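Worth saying up front: this structure is predicted, and the values here are computed from it rather than measured.
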Amino acid sequence: MKVEYMTFFMELRRREEKGREEGRAEGRWVTLLELVHDGLLTVKEAAKRAGMSEEAFRKLVTR
């Protein structure tokens, strides 16, 4: 029982951390999108800072 609980607890922790990481990444993308919209960054620059291709970044813009 103790091993099952610890395994379950570790899986919950892993999923929580993954959710936090995804939230941070999405927040970073939103900030970059706003900077592009405001004309402070080009799509190319924003894509580079996001670590993705221009095409992938443009897909985020059209969501």
Side-chain angles (χ1 to χ4, degrees):
M1 181 78 164
K2 203 178 218 183
V3 172
E4 289 176 15
Y5 174 78
M6 290 305 295
T7 303
F8 176 71
F9 181 75
M10 288 169 55
E11 179 63 18
L12 281 176
R13 287 280 192 133
R14 187 185 67 75
R15 289 183 185 197
E16 285 175 357
E17 182 60 31
K18 183 179 177 186
R20 280 191 212 104
E21 288 173 10
E22 289 172 357
R24 284 191 294 263
E26 190 167 314
R28 183 175 38 239
W29 295 334
V30 168
T31 301
L32 289 169
L33 288 171
E34 289 173 352
L35 291 171
V36 169
H37 179 21
D38 293 344
L40 299 172
L41 281 180
T42 65
V43 172
K44 184 176 183 175
E45 292 170 327
K48 183 179 178 182
R49 289 178 186 224
M52 58 179 63
S53 69
E54 283 185 59
E55 183 181 319
F57 192 81
R58 286 183 195 280
K59 286 181 183 178
L60 286 174
V61 173
T62 59
R63 265 202 237 174

Out of K18, R24, R20, which one pairs with E22 under the side-chain contact (heavy atoms from CB on, under 4.5 Å) rule? K18

Answer yes if V43 and L40 sit in the same cluster of Ile, Leu, Val, Met, Phe, Trp and Tyr residues linked by side chain heavy atoms under 4.5 Å apart, and no otherwise. yes

Rounded to the nearest 0.5 Å, the CE atom of M1 sits from the CD atom of E4 at a distance of 7.0 Å

Does a salt bridge link R58 with E54, judged by any charged N lying under 4.0 Å from a carboxylate O? yes

Distance (rounded to the nearest 0.5 Å) between H37 NE2 and L35 CG: 11.5 Å

A side-chain contact here means heavy atoms from C-beta on lying under 4.5 Å apart; do K48 and F57 qualify? no

A47 to S53 - nearest heavy-atom pair and separation: CB-O, 3.8 Å

Separation between CD (E16) and CG (L12), nearest 0.5 Å, reads 6.0 Å

side-chain contact (heavy atoms from CB on, under 4.5 Å) assessment of L41 paired with R49: CA-CA 10 Å; L41 281 180; R49 289 178 186 224; 4.0 Å; yes

If you round to the nearest 0.5 Å, how far is OG1 of T7 from NZ of K2? 13.0 Å

Heavy-atom side-chain contact between R13 and E17 under 4.5 Å: no

Heavy-atom side-chain proximity of V36 to T42 below 4.5 angstrom: no

Is it true that, when you exclude E11 itself, more than 12 heavy atoms of the residues, nucleotides or ligands shown sit nearer than 6.0 Å to its CD? yes

